[in-house]
Amino acid sequence: MTWLLLKPLALLAAVSVSSLQHGANAAALTRRQCSSTLAEATVIANELQSKYYNTGTGQYNDGELWTDANTLEDLHNLMLATGNNDYGTVADGSYIGKAALNPNTDWASFLGGSNDDSQWVILALWKIADYKAARGLDNSAYMSSAAKIYDIIAGQWDDTCGGGVWWSTAHTYKNAITNELFLLTSASGYLRTKNQTYLDNANKEWAWLSASGMRGSNGLFNDGLDLTTCKNNGETAWTYNQAVVASGLGALYSATGDSSLLDQAQISLDATISSSLTDNNILRESCDNAAANTTVCDHDQQIFKGIWTKHMQYYLDTANDASRTSRYSGFLDSQYSAVIHYGKNAANDIGSVWYAPDAGGSQFQPEASTSGLAAIVAAAKYGSC
Ligand SMILES: *[C@@H]1O[C@H](CO)[C@@H](O)[C@H](O)[C@H]1NC(C)=O
Ligand SMILES: *[C@@H]1O[C@H](CO)[C@@H](O)[C@H](O)[C@H]1NC(C)=O
């Protein structure tokens with residue numbers, strides 16, 4: 001796999017130890033924030049903003065609410081890494097940001113009953129709040145809006161199939177991503193607020209999710225449950241499911257100190273890498289195909305691989321352990337290399353296919369662009385440099 005190595009290892013700059021509660025005594029962890037990698041990320045983000053962002057509506061052309069939320073999160077994750085303010089005015093002018101700044105926003109109506117989409121919005125609001133806090137700016141509207149959305153989602157838990165949050169307010173489906181997100185928003189909410197309700201919800205969620213049968217014997221979470229049997233429905237194992245659960249488990253580890261949660265996270269992360277979700281060590285969604293005139297990933301599916309890399313980054317932040325990080329550094333390097341060599345076109349837009357050069361099947365959409373951006377930002381922090 002020598003083609004995957006972009007450049008020799010350069011001197012690595014260590015960044016200070018995090019303030020997380022657990023893991024601080026583990027082997028010293030290097031967070032590189034490689035400046036050449038972040039420079040590449042900035043080129044991609046600039047093209048993303050100029051090609052797709054509509055400053056009038058505050059939305060991305062051909063975007064969706066939940067993918068726009070991820071895109072805002074990715075821009076702020078990048079600014080927290082670079083220390084600059086390149087996209088510092090985007091949040092307050094965005095469709096999501098304007099709703100967060102308005103204390104009268106009717107969130108239930110704004111979010112339209114989708115309990116997974118709503119939690120991507122929570123994650124975006126928190127990341128924007130982190131950025132504002134890092135710049136000494138008031139983030140209270142973002143934090144209080146995130147708390148209001150969280151309460152709506154917590155109210156969507158019931159005893160059907162023994163527990164879990166419904167996928168939507170229509171109460172027709174219980175699935176993995178909604179509940180992995182609830183594990184993450186609950187554990188992360190506790191780390192942010194120290195409010196016990198969040199920690200109780202995180203523990204309740206993992207107890208249910210881990211016993212739900214949605215993770216198959218291959219270590220991969222399938223899409224959801226068959227409500228008539230309350231068993232794994234055997235539907236597609238998407239990449240993002242395998243890492244959002246890991247970032248949730250990492251946050252719960254950080255809250256509790258129970259390192260068996262990190263071992264559980266590694267089951268899903270390692271299963272991604274060793275399964276058909278990779279092709280030649282590069283993430284490949286089941287719908288990805290580089291060839292022309294084939295079935296292609298839809299807008300939702302185009303962002304999944306980048307979410308995998310982003311939540312790998314968040315998992316490593318909370319695991320805060322050099323040996324757990326070194327296990328995945330090379331894989332993050334490989335995704336970065338593939339995004340640049342195979343995903344990127346001459347205009348610095350990133351297509352949906354990473355595993356092979358585009359032969360007409362790679363989709364160029366805002367979701368694919370921000371997916372590639374997230375992979376580069378994750379590699380800047382935890383890959384080599
Ligand atoms: C703790 O969080 C829950 C859920 O968001 C909320 O209802 C409750 O008011 C919070 N308690 C305090 C003391 O902030
Ligand atoms: C794909 O389909 C288009 C439109 O039907 C056609 O013009 C093109 O030649 C096809 N490309 C390949 C590689 O088959």
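Numbering of ligands and ligand atoms starts at 1, following listing order.
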J.: Answer yes or no: is there an ion pair linking K148 with D106, defined by an N-O contact shorter than 4.0 Å?
T.: no
J.: Given the ring of W167, does K174 sit roughly above its face, with NZ or CZ under 6.0 Å from the centre of the six-membered ring and within 45° of the axis?
T.: no
J.: Give, for atom OG1 of T42 and atom CG of L373, the distance between the pair rounded to the nearest 0.5 Å.
T.: 8.5 Å
J.: Run the numbers for me: atoms of ligand 1, each under 4.0 Å from some heavy atom of Y198, listed by number.
T.: 2 (O), 5 (O)
J.: Run down the list D151, N195, T197 and name the one with the heavy atom closest to atom 10 (C) of ligand 1.
T.: N195
J.: Checking Y198 against S188: is there a side-chain donor and acceptor pair closer than 3.5 Å?
T.: no
J.: Can you confirm whether something in the protein, heavy atoms only, sits under 4.0 Å from atom 13 (C) of ligand 1?
T.: no
